[in-house]
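Shown next, in structure tokens, is the structure this report addresses.
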Amino acid sequence: VCTDVIVRAYRKLGIDLQQKVHEDMKTNFSKYPQRWSLKRPDTNIDHRRVPNLSTFFARHGEKLTITNKPDDYKPGDIVTWILDNGLDHIGIVIDRKSRDGKRHLVVHNIGRGQVAEDCLFNWKITGHFRYK
């Protein structure tokens, strides 16, 4: 799933988002989206939900302005979207650029495995974050 891309990227940096999201949800459950009718955090799935990662990044990182300016999105930034089918999606901006050199590529997984693509503005951006 798309969230695994983010969790794995941070694990390579020595940051365990699965643990951090779970710990924050344990003490601040009411601050997280209540879309799944859960009564308490679930360490097995909480880090695999885009709205939970968005909440975590907004609470513990920088919540950045959403713009249509490519230069505002830097390598390492996390971007969330709402896809055309209404599903949430997440990716991480990388240091490689699009063929025309105007936009950074994004690593994400939308069902074809992890890929780096020029897709920053393909869907409606719902979040822009920087974490550590």
Side-chain angles (χ1 to χ4, degrees):
V1 296
C2 60
T3 53
D4 288 346
V5 171
I6 307 307
V7 171
R8 289 178 185 143
Y10 276 97
R11 275 196 184 134
K12 286 187 182 247
L13 298 172
I15 299 168
D16 188 344
L17 282 179
Q18 180 175 359
Q19 178 184 3
K20 289 188 174 296
V21 169
H22 178 68
E23 289 172 357
D24 195 47
M25 288 186 76
K26 273 190 345 188
T27 56
N28 299 285
F29 190 68
S30 65
K31 301 213 184 290
Y32 281 80
Q34 303 297 310
R35 291 166 57 174
W36 303 279
S37 302
L38 299 175
K39 304 294 184 222
R40 62 188 179 284
D42 180 345
T43 188
N44 296 309
I45 192 73
D46 290 334
H47 64 289
R48 298 185 91 199
R49 292 184 164 136
V50 173
N52 288 347
L53 286 179
S54 294
T55 299
F56 178 83
F57 289 134
R59 289 176 44 75
H60 298 283
E62 287 181 73
K63 185 175 182 180
L64 303 171
T65 303
I66 296 169
T67 72
N68 60 357
K69 300 176 192 168
D71 290 340
D72 290 342
Y73 297 85
K74 307 292 183 201
D77 286 1
I78 304 296
V79 179
T80 61
W81 301 269
I82 191 82
L83 300 176
D84 297 337
N85 62 7
L87 294 176
D88 296 301
H89 190 52
I90 192 167
I92 188 166
V93 179
I94 63 171
D95 59 356
R96 290 179 25 214
K97 290 262 190 153
S98 58
R99 286 188 181 170
D100 62 10
K102 295 182 179 179
R103 292 164 304 286
H104 285 284
L105 300 182
V106 175
V107 174
H108 69 121
N109 179 351
I110 197 162
R112 299 178 313 239
Q114 182 174 304
V115 295
E117 291 186 313
D118 178 12
C119 64
L120 181 60
F121 299 113
N122 283 12
W123 310 285
K124 181 181 192 277
I125 297 175
T126 58
H128 180 199
F129 308 97
R130 234 171 246 151
Y131 181 69
K132 297 204 179 192

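Here the structure is a predicted model, which is why all the values come from computation and not from measurement.
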Inset, instruction - Determine, using the 4.5 Å side-chain heavy-atom cutoff (strictly less than), whether V50 and L120 are members of one ILVMFWY cluster. - result: no
Inset, instruction - Could you grab the distance from atom CG of L64 to atom CD1 of I125, nearest 0.5 Å is fine? - result: 11.5 Å
Legend entry - Pairwise distance CG(L17) to NE2(H22) - rounded to 0.5 angstrom: 14.0 Å
Legend entry - Residue pair I94, H104: steps toward the side-chain contact (heavy atoms from CB on, under 4.5 Å) verdict: CA-CA 6 Å; I94 63 171; H104 285 284; 5.9 Å; no
Legend entry - Non-hydrogen atoms of G91 and H108 that approach each other most closely: CA-CB, 4.1 Å
Legend entry - Heavy-atom side-chain contact between I90 and L53 under 4.5 Å: yes
Inset, instruction - Check whether any side-chain N or O of T55 sits under 3.5 Å from a backbone N or O of Y32 as a donor-acceptor pair, and report yes or no. - result: no
Inset, instruction - Please check if I15 and M25 belong to a single hydrophobic cluster, counting links between Ile, Leu, Val, Met, Phe, Trp and Tyr side chain heavy atoms closer than 4.5 Å. - result: yes
Legend entry - Spatial distance of atom OH (Y131) from atom CZ (R59) [nearest 0.5 Å]: 11.5 Å
Legend entry - Minimum-distance pair of heavy atoms, taken over all atoms of K69 and T67: N-OG1, 3.1 Å
Legend entry - Side chains of N52 and P33 in contact at under 4.5 Å (non-hydrogen atoms): yes
Inset, instruction - Please check if F57 and V107 belong to a single hydrophobic cluster, counting links between Ile, Leu, Val, Met, Phe, Trp and Tyr side chain heavy atoms closer than 4.5 Å. - result: yes
Inset, instruction - Work out which heavy atom in S30 is nearest to a heavy atom in Q34; give both atom names and the distance. - result: CA-NE2, 4.2 Å
Inset, instruction - Output all residues satisfying salt bridge (charged side-chain N to carboxylate O under 4.0 Å, His left out) with D42, sequence neighbours left out; order by chain, then residue number. - result: none
Legend entry - Same apolar cluster: I66 and V93, side chain cutoff 4.5 Å: yes
Inset, instruction - Return yes if some donor-acceptor pair links the side-chain N/O of H128 with the main-chain N/O of T65 below 3.5 Å, else return no. - result: yes
Legend entry - R99 and D118: CA distance, side-chain angles, deciding distance, side-chain contact (heavy atoms from CB on, under 4.5 Å) verdict: CA-CA 8 Å; R99 286 188 181 170; D118 178 12; over 6 Å; no
Inset, instruction - Count the heavy atoms belonging to other residues, nucleotides or ligands that lie under 6.0 Å from CZ of R130, then report whether that count exceeds 12. - result: yes
Legend entry - Mutual orientation of the aromatic rings belonging to W123 and W81 [parallel < 30°, tilted 30-60°, perpendicular > 60°]: perpendicular
Inset, instruction - Following the transitive rule for hydrophobic clusters with a side-chain heavy-atom cut-off under 4.5 Å over Ile, Leu, Val, Met, Phe, Trp and Tyr, establish whether V106 and L87 coincide in one cluster. - result: yes
Legend entry - Expected output: side-chain D16 to main-chain Q19 donor-acceptor under 3.5 Å: yes
Legend entry - Heavy-atom check, side chain of K132 versus side chain of L13, under 4.5 Å: no
Legend entry - Smallest separation among heavy atoms of K102 and P70, with atom names: O-CB, 3.1 Å
Legend entry - Side chain Y73, main chain V79, donor-acceptor under 3.5 Å: no
Legend entry - Test item: E23 side-chain N/O and V21 main-chain N/O as donor-acceptor pair under 3.5 Å: no
Legend entry - Side-chain heavy-atom pair H89, T80 within 4.5 angstrom cut-off: no
Legend entry - Between CZ on residue F29 and CG on residue D46, distance to nearest 0.5 Å: 7.0 Å
Inset, instruction - Check D95 against P75 and note the closest heavy-atom contact, atom names and distance. - result: CA-CG, 3.7 Å
Legend entry - Working for side-chain contact (heavy atoms from CB on, under 4.5 Å), residues D4 and N109: CA-CA 8 Å; D4 288 346; N109 179 351; over 6 Å; no
Inset, instruction - Check each of K124, R35, R49 against D88 using the salt bridge (charged side-chain N to carboxylate O under 4.0 Å, His left out) test, and report the only one that passes. - result: R35
Inset, instruction - Kindly check if the number of other-residue, nucleotide or ligand heavy atoms within 6.0 Å of NZ (K97) is above 12? - result: yes
Inset, instruction - Could you please spell out the steps behind the side-chain contact (heavy atoms from CB on, under 4.5 Å) verdict for Y10 and H47? - result: CA-CA 12 Å; Y10 276 97; H47 64 289; over 6 Å; no
Legend entry - Side chain Q18, main chain T43, donor-acceptor under 3.5 Å: yes
